[in-house]
Amino acid sequence: MMKTSLLRQAAASRVALVARPAQVAFRASSAALALSRPSRNVAAVYRFTPSLLRLYSSESAAEQLSTDAAPGPISRFEDLSRLNVHEHIVRAITQDMKYETMTDVQTMTIRPALLGKDVVAQAKTGTGKTLAFLVPVIQRIIDADPDLARPSRGRKSCDNIRAIVMSPTRELAEQIGVEARRLCKGTGVIVQTAVGGTQKNMMLRKTRIEGCHLMVATPGRLHDLLSDPSSGIAAPNLAALVLDEADRMLEVGFKLELENILTLLPDRSSVPRQTLLYSATLPKNVVGVARQFINPTNFEFVQTVKADEVPTHERVPQFIVPCRGFENVAPTLLELIRREGSSAGQPIKAIVFLPTTAAVITYSRMFRSLRYDDRSIPRVYEIHSRLAQGQRSRSADEFRQASSAILFSSDVSARGMDFPNVTHVIQMHLPRDRDTYIHRIGRTGRAGKEGKAYLLAADIEIPAARSRLPGLPIQRCTDLESASIDVSKASTLPETFIQIQQASDKVGYELKQEAYRAFLVGAFSEVDTRELVTECNNMAKYTWGMEEPPAVSPSTARLVGVSAGLRIADIPAPRKPHGGSYGGGSYGGGGDRRDDFERMERVAQSESRRGGRKPPATF
DNA sequence: AAAAAAG
C-alpha cells in the first residue's frame with residue numbers, strides 16, 4: 001500500500017516537473033499553465049533515494065495527492081514550514097519577495113539540501129537557482145545554532161563562518177549577497193560579501209563588528225582573507241560550500257585558486273561539509289572535477305534540463321543577422337536598436353555583448369555620442385574588468401534600475417546577473433563558445449518573462465558560428481538594411497553608417513588601435529587570418545573612420561601570423577591590466593563510484609558523444 | 001591571446 005502510494009507520488013511529481021518559473025506560475029491559472037507548457041518539455045531526472053523515501057513516508061500522502069495534478073513534493077514556498085524552515089525565511093520569500101510557487105530546481109534541490117546532502121544541479125537560466133541553494137544553507141546555519149533564529153545582540157564573531165558561497169564575478173557575488181541578506185532578515189544570520197576591488201580594511205572592520213555566518217565571495221579576495229591570519233576571518237567549523245556557476249568555477253584558471261582555498265578550509269574528514277554545485281550548463285569537465293568535491297555516498301544529481309533538450313528558453317526567440325563585413329556590424333546594431341525600440345512599442349532594455357574589453361569601451365563611447373544627438377537612443381552604460389570596481393557596481397546598479405537602457409558588456413555579466421526586464425540580448429561577433437552564448441542570452445527571458453536574442457556576425461564568421469552553436473533554435477534574420485550594404489560599391493551609404501562614422505570621431509585613436517589589435521588576436525581562431533585582416537581593415541576604415549589601418553607592433557604581427565595588410569610599426573606594447581598568478585590546474589581522479597556518479601558519467605558521455613552529433617546549426 | 005579573478 002505504502003509502496004503504491006509512493007509510486008503515485010513519484011508519477012505525480014514527474015507530471016509537475018514543468019518549466020514553470022515562480023512569477024508566471026502565480027499569475028496564470030494552473031489550467032493555462034498546463035496548456036502553455038506541454039508535457040514533452042517536462043524534464044524529469046529525479047531519484048528517490050532511501051533518505052528521501054523516509055521523508056516522504058513521514059508526510060501526509062493525502063495532502064500531497066489532493067488532485068491528479070498535485071505537485072508531489074513541496075512546491076509552494078509557504079509549505080517550506082513543513083520542512084521546518086524558519087518562519088522568518090518563509091516570510092521573506094512569500095511576503096517580501098512575493099514568490100509563491102517554486103520552480104523545478106527549487107522543488108527538487110531544497111529538500112535534499114536541507115537534509116545535508118551534497119547537490120549537483122543543472123537548471124535553465126533565470127529559474128531561481130540562487131534561492132534554491134540559499135534557503136537550505138541559511139536554514140542549516142540556524143539548525144546548527146538555534147539562537148540564530150532571531151536577531152541576537154550578543155558578541156559577534158567573524159572567525160566561525162558556517163557557509164561560503166563562491167561566484168566567478170564580483171557583481172554576481174554582490175547580487176547573491178543582497179538576496180541572502182533579504183532572506184536572513186528577521187534572523188540572526190549575518191551575511192558578508194568579500195570581493196576584490198573593494199577596500200579590504202573597511203570590509204574587515206565591518207565584518208569584525210557585525211560578525212559573519214555566511215560569506216559570499218570571489219576566489220581571490222576569499223583566498224586573501226583566509227590565508228592572512230591577522231584578518232581574523234576563519235571558518236574552522238565550515239558546514240557548507242556552494243559553487244555558483246560551478247562549471248565556470250571548475251574551469252582552468254579558477255580551479256587552481258579553488259584548490260588553494262580548499263587547503264585553507266577544515267578537512268572534510270574532520271569537519272563534515274556539504275557541497276552544492278549549481279549551473280545552467282554542465283559540460284563534462286564538471287563530472288571529472290566534481291568527484292573531488294562531492295561526497296560520493298550522500299549526494300543528489302538534479303537536472304531540470306533533459307540531456308537532449310535545448311538549454312535555452314522557447315519563449316526567447318533567437319536570431320542571427322549575417323552582416324556582409326565587419327564594417328556592417330556596428331551600423332546594423334544601430335538600426336536594430338532603433339527598430340526594436342520603436343516597433344515593439346515598449347522601450348528597449350538591451351545588453352550588448354562584445355568579445356573584448358577594448359571593443360566594449362569603443363562601442364559604448366560611440367553610442368554615448370550618438371545619444372547626445374539622438375535622444376531616441378536610450379541611456380548607455382558599460383561594464384568590464386578595466387573599470388574601477390565602484391564604477392562597475394554603479395553601472396550594474398543603474399542598469400538594474402533603468403526601464404530603458406543599453407549596457408555594453410564583456411563576459412563579466414554573461415553569467416548569473418539578474419537585471420530585471422531585459423528585453424534584448426545582442427551579441428556582436430562570435431561568443432567564445434556555446435555555453436557562453438547560452439548564459440549570455442539567459443540575461444533575458446528570466447522568471448517567465450519574454451525576451452529576444454540577436455547575434456550580429458559577419459559572413460566570414462558564419463561557418464564558425466555554425467560549428468560553435470549547434471543544436472540551438474537560431475533563425476536567420478535578413479531584414480536589416482545595414483547588414484547587407486556593400487560599402488565599397490554603394491554610391492550613398494545608409495544613414496546608420498554616416499552616424500556611426502561621426503560617432504567614431506569621438507573615440508580616441510589609441511582606443512581604436514587597441515580594439516583593432518584585440519579583434520585580430522585570438523578571438524576568431526577558425527577564421528582565415530588574411531580574411532580577418534581585410535575585415536578589420538574595412539571596419540577601421542568604414543565604421544571607425546580611420547584613413548589607414550592603425551599600426552600594430554611587430555610582436556602583434558607575429559601573433560597574428562601574417563603581415564599582408566598590416567601596418568607594422570614600433571609602438572608601445574599594449575597595456576596589461578595587472579596580472580595575477582592564476583594558472584592552469586589538473587584534476588586527479590579515482591574514488592568511489594555510486595549511482596549518481598555513474599549517472600553523471602553517462603550524461604557526460606552522451607554529451608561528449610553528441611558533441612560532434614548535436615543537431616547541426618539551422619541558420 | 002581573447003573574459004575573469006588579489007594587489
Side-chain angles (χ1 to χ4, degrees), chain A residues 166-174 193-204 216-228 231 233 243-245 247-261 264 351-362 382-389 392 408-417 427-433 435-437 439-440 461 464 468 514-527 529 532 536 552-553 555-561 573-585:
Chain A
M166 276 199 271
S167 139
T169 66
R170 297 166 181 175
E171 289 75 23
L172 182 53
E174 301 277 9
T193 306
V195 299
T198 57
Q199 291 214 19
K200 195 168 105 182
N201 281 329
M202 293 277 280
M203 183 271 173
L204 279 176
V216 186
T218 45
R221 178 55 64 85
L222 181 65
H223 183 268
D224 186 15
L225 293 174
L226 290 174
S227 61
D228 173 11
S231 74
I233 304 270
L243 301 190
D244 196 13
E245 309 297 342
D247 55 328
R248 179 76 186 91
M249 299 300 288
L250 296 171
E251 268 175 33
V252 172
F254 272 117
K255 190 167 167 285
L256 196 66
E257 185 83 354
L258 216 58
E259 283 165 350
N260 288 336
I261 290 170
L264 301 169
I351 306 181
V352 178
F353 285 103
L354 283 146
T356 67
T357 299
V360 173
I361 304 173
T362 303
E382 66 183 283
I383 190 163
H384 47 80
S385 66
R386 234 190 267 172
L387 241 36
Q389 188 52 37
R392 279 171 63 166
F408 285 89
S409 178
S410 68
D411 281 327
V412 255
S413 28
R415 284 173 174 262
M417 293 307 295
Q427 311 188 46
M428 296 175 77
H429 302 282
L430 296 181
R432 50 186 19 79
D433 51 45
D435 287 346
T436 301
Y437 173 90
H439 284 277
R440 282 170 164 189
E461 299 175 87
R468 287 188 195 186
E514 202 186 330
Y516 174 86
R517 178 193 180 275
F519 264 106
L520 280 173
V521 204
F524 305 101
S525 52
E526 305 99 316
V527 175
T529 313
L532 182 63
C536 288
V552 296
S553 69
S555 62
T556 297
R558 270 196 303 279
L559 270 176
V560 177
R575 70 185 280 276
K576 263 274 177 211
H578 57 77
S581 56
Y582 299 96

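All chains are named by letter (A, B, ...) in the order of the sequence lines, taking the proteins before the strands, and each is independently numbered beginning at 1. Everything numeric here is computed off the predicted structure, so don't read it as measured data.
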With respect to the side chain of [X], which nucleotide from [options] is positioned closest?
{"X": "A:Val521", "options": "B:dA5, B:dA1, B:dA2", "result": "B:dA1"}
{"X": "A:Arg517", "options": "B:dA1, B:dA5, B:dA6", "result": "B:dA1"}
{"X": "A:His384", "options": "B:dA4, B:dA1, B:dG7", "result": "B:dA4"}

Report which part of the nucleic acid A:Thr436 touches: base, sugar-phosphate, or nothing (heavy-atom distance under 4.0 Å, all strands).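 No contact.
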Contact class for A:Arg392 vs. all strands (heavy atom < 4.0 Å): base, sugar-phosphate, or nothing?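 A:Arg392: backbone/sugar contact only, no base atoms under 4.0 Å.
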Does OP1 or OP2 of [N] have a side-chain N or O of [X] closer than 4.0 Å?
{"X": "A:Ser410", "N": "B:dA4", "value": "yes"}
{"X": "A:Ser525", "N": "B:dA2", "value": "no"}
{"X": "A:Thr357", "N": "B:dA3", "value": "yes"}
{"X": "A:Arg221", "N": "B:dG7", "value": "yes"}
{"X": "A:Ser413", "N": "B:dA4", "value": "no"}
{"X": "A:Arg170", "N": "B:dA6", "value": "yes"}

For atom [atom1] of [X] and atom [atom2] of [N], their distance in whole Å:
{"X": "A:Glu461", "N": "B:dA2", "atom1": "CD", "atom2": "P", "value": "17 Å"}
{"X": "A:Leu222", "N": "B:dA5", "atom1": "CG", "atom2": "P", "value": "14 Å"}
{"X": "A:Glu245", "N": "B:dA4", "atom1": "CD", "atom2": "P", "value": "15 Å"}
{"X": "A:Arg468", "N": "B:dA2", "atom1": "CZ", "atom2": "C1'", "value": "10 Å"}
{"X": "A:Met203", "N": "B:dG7", "atom1": "CE", "atom2": "P", "value": "12 Å"}
{"X": "A:Arg386", "N": "B:dA4", "atom1": "CZ", "atom2": "P", "value": "9 Å"}
{"X": "A:Phe519", "N": "B:dA2", "atom1": "CZ", "atom2": "C1'", "value": "11 Å"}
{"X": "A:Asp244", "N": "B:dA5", "atom1": "CG", "atom2": "C1'", "value": "16 Å"}

State, yes or no, whether a side-chain contact exists between A:Thr193 and A:Met203 at a heavy-atom distance under 4.5 Å.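 In short, these two side chains do not touch, never coming nearer than 4.5 Å.
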Could you walk me through whether A:Val195 and A:Glu174 pass the side chain to side chain contact (heavy atoms under 4.5 Å, CB included) check? CA-CA 8 Å; A:Val195 299; A:Glu174 301 277 9; 3.6 Å; yes
Geometric class of the A:Phe524/A:Phe519 ring pair [parallel <30°, tilted 30-60°, perpendicular >60°]: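 Correct class here is parallel.
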Between A:Glu461 (side chain only) and A:Leu430 (backbone N and O only), is there a donor and an acceptor less than 3.5 Å apart?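 Confirmed, A:Glu461 side chain pairs with A:Leu430 backbone.
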Is A:Arg468 reaching over with its side chain to a backbone N or O of A:Pro431, donor-acceptor style, under 3.5 angstrom?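 Yes, the answer is positive, given that a donor and an acceptor are paired below the 3.5 Å cut-off.
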When only distance counts, do a donor and an acceptor, one from the side chain of A:Arg415 and one from the base of B:dA4, lie under 3.5 Å apart?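 A donor-acceptor contact between them is absent.
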